[in-house]
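To start, the structure under review is shown below, and the notes come after it.
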There are 2 protein chains.
Amino acid sequence: MTDTWKEFEANEVTHSVAHHLVAIHEVGREYGGWARVSDIARWLGITRGSVSINLRNIKTRGLVIEDEHRQVKLSEEGLKIAQAIMAKKAAVKAFLRDVINVPEEQAEIDSCKVEHLISHSTGENLLRFITFLTSDNPAAREALSQFRKFEDR
Amino acid sequence: MTDTWKEFEANEVTHSVAHHLVAIHEVGREYGGWARVSDIARWLGITRGSVSINLRNIKTRGLVIEDEHRQVKLSEEGLKIAQAIMAKKAAVKAFLRDVINVPEEQAEIDSCKVEHLISHSTGENLLRFITFLTSDNPAAREALSQFRKFEDR
DNA sequence: AAAACCTGTTTGACATATCAAACATCTACA
DNA sequence: TGTAGATGTTTGATATGTCAAACAGGTTTT
Ligand SMILES: [Mn+2]
Ligand SMILES: [Mn+2]
Ligand SMILES: [Mn+2]
Ligand SMILES: [Mn+2]
């Protein structure tokens with residue numbers, strides 16, 4: 001009815017772009033942030049051709065910079081986006097695995113699917129919640145323990 | 001490194017298909033489940049042309065059936081998928097809004113983005129968790145109340 | 001009956017994302 | 001030094017999803 005669902009389209013980055021950014025961050029880790037097309041492609045499990053084309057778009061949007069050897073590095077904005085995505089993924093995964101007992105592998109898959117889609121503020125609320133719930137607050141510990149029992153009903 | 005992230009691609013349905021199925025379900029509610037292209041298009045806020053093309057795909061996959069007046073209705077499989085998506089959305093939204101205090105509108109947007117992506121089992125775990133946490137279990141109530149305080153730190 | 005409106009489909013365009021294959025260029029190594 | 005391998009780009013294909021515009025039928029209004 002409302003067009004709220006079309007907000008889905010209105011994402012900062014697509015899943016593909018999100019993973020390109022994170023890949024550059026990871027691959028470039030030992031090289032001052034600089035990454036090569038080939039290494040990004042290998043990391044992502046897609047062809048060099050695809051990475052080359054995708055980077056065209058990502059460069060245009062100012063999310064990476066390029067040096068004279070055609071290596072790429074996250075721009076300030078690209079880095080901010082990559083870090084936000086990694087943080088949200090970590091929060092979601094921790095919640096799924098440590099709070100509601102989703103198996104590790106499934107938590108990995110589900111958090112991967114969702115990492116770039118949840119809003120910043122939701123990510124923050126979630127992080128606050130797991131921080132509280134996995135703290136040594138007695139009420140939190142008791143609730144979690146009761147939930148474990150509740151689950152095995 | 002691993003190709004886990006490509007599992008993203010391996011979804012039962014895309015966001016677009018998910019909303020087409022749910023739209024058919026909603027639009028057809030008062031007509032024995034039968035829906036027309038025009039009404040689906042209006043509901044989704046896209047053109048009739050787009051719906052027409054998308055339905056071609058959705059029919060091929062056996063998710064809807066068509067009658068002699070070109071009306072469509074969810075097949076048994078299509079209905080199962082639509083219901084699973086609606087259930088997951090409700091669970092996510094309730095968690096965001098009622099547990100971690102995400103504002104209604106944001107909870108709506110985030111749950112919409114994610115509804116078709118989270119796995120069945122994760123959805124079930126989440127539902128168990130919110131059922132417990134919003135029950136009258138004293139430990140649950142105390143934890144939630146402590147979390148409210150913790151938030152306003 | 002005619003005109004206006006509503007419906008569903010098709011076409012051509014565009015955007016994103018992927019592949020394989022061909023190419024040009026570098027690099028390494030024998 | 002010459003060949004083999006690695007690298008990056010481009011092209012042509014496929015798939016999904018969207019739009020606007022044109023078209024063909026059907027229904028309603030006048
Ligand atoms: Mn240099
Ligand atoms: Mn991911
Ligand atoms: Mn009939
Ligand atoms: Mn949605």
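Bear in mind the structure is a predicted one, so any value in this text is a computation, not a measurement. Proteins come first, then strands; the chains are lettered A, B, ... in the order of their sequence lines, and each starts at number 1. Computed over heavy atoms, backbone and side chain alike; hydrogens, waters and symmetry mates excluded.
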Quick one: is A:Ser50 getting a side-chain N or O under 4.0 Å of the C:dC19 phosphate, OP1 or OP2? yes
Quickly work out the B:Asp67 CG to C:dT7 P distance and round it to whole Å. 16 Å
So does A:Arg48 reach the base of D:dG8 with its side chain, donor to acceptor, closer than 3.5 Å? yes
Can you tell me how far apart OG (B:Ser75) and CD1 (B:Ile24) are? Round to the nearest 0.5 Å. 9.5 Å
Compare all side-chain heavy atoms of A:Lys73 with those of A:Val64 and state whether any distance is below 4.5 angstrom. no
Counting only side-chain heavy atoms from C-beta out, which of C:dG8, C:dT10, C:dA17 sits nearest to B:Ser38? C:dG8
Is the phosphate of C:dT16 approached by A:Ser16 (side-chain N or O, under 4.0 Å from OP1 or OP2)? no
Side-chain donor-acceptor pair under 3.5 Å between A:Glu12 and A:His120, yes or no? no
Atom CD1 of B:Ile58 to atom P of C:dG8: distance rounded to whole Å? 15 Å
On DNA chain C, nearest-nucleotide positions of A:Val17 versus B:Leu55: which is more 5'? B:Leu55
Gap between atoms CZ and C1', on B:Arg70 and D:dG25 respectively (whole Å): 8 Å
Spacing of B:His20 atom NE2 relative to D:dG17 atom P, expressed in whole Å: 8 Å
Selected nucleotide, minimal atom distance to B:Ile46 side chain, candidates D:dG8, D:dT7, D:dT18: D:dT18
Contacts of A:Arg97 that satisfy salt bridge (charged side-chain N to carboxylate O under 4.0 Å, His left out) - sequence neighbours left out: A:Glu104
Please check if the distance between the ring centroids of B:Phe150 and A:Phe129 is under 6.0 Å. no
Closest to the A:Ser52 side chain: C:dT9, D:dT9, D:dG17? D:dT9
NZ of A:Lys59 versus P of D:dG8: gap in Å, rounded? 10 Å
Give the rounded distance in Å between these two atoms: CH2 of A:Trp34 and P of D:dG8. 14 Å
Kindly point out which of D:dC19, C:dT16, C:dG8 is positioned nearest to the side chain of A:Asn57? C:dT16
Does B:Asn54 put a side-chain nitrogen or oxygen below 4.0 Å from OP1 or OP2 of D:dT18? yes
Do any side-chain nitrogens or oxygens of B:Thr47 fall under 4.0 Å of OP1 or OP2 in D:dA20? no
Interatomic distance where CZ belongs to B:Arg61 and C1' belongs to D:dA15 [whole Å]: 12 Å
From the list C:dT10, D:dT7, D:dG17, which nucleotide is the closest neighbour of the side chain of B:Arg56? C:dT10
Whether B:Arg36 contacts C:dC6 is assessed here as follows: a side-chain N or O lying under 4.0 Å from the phosphate OP1 or OP2. Is that the case? no
Spacing of A:Ile53 atom CD1 relative to C:dC19 atom P, expressed in whole Å: 10 Å
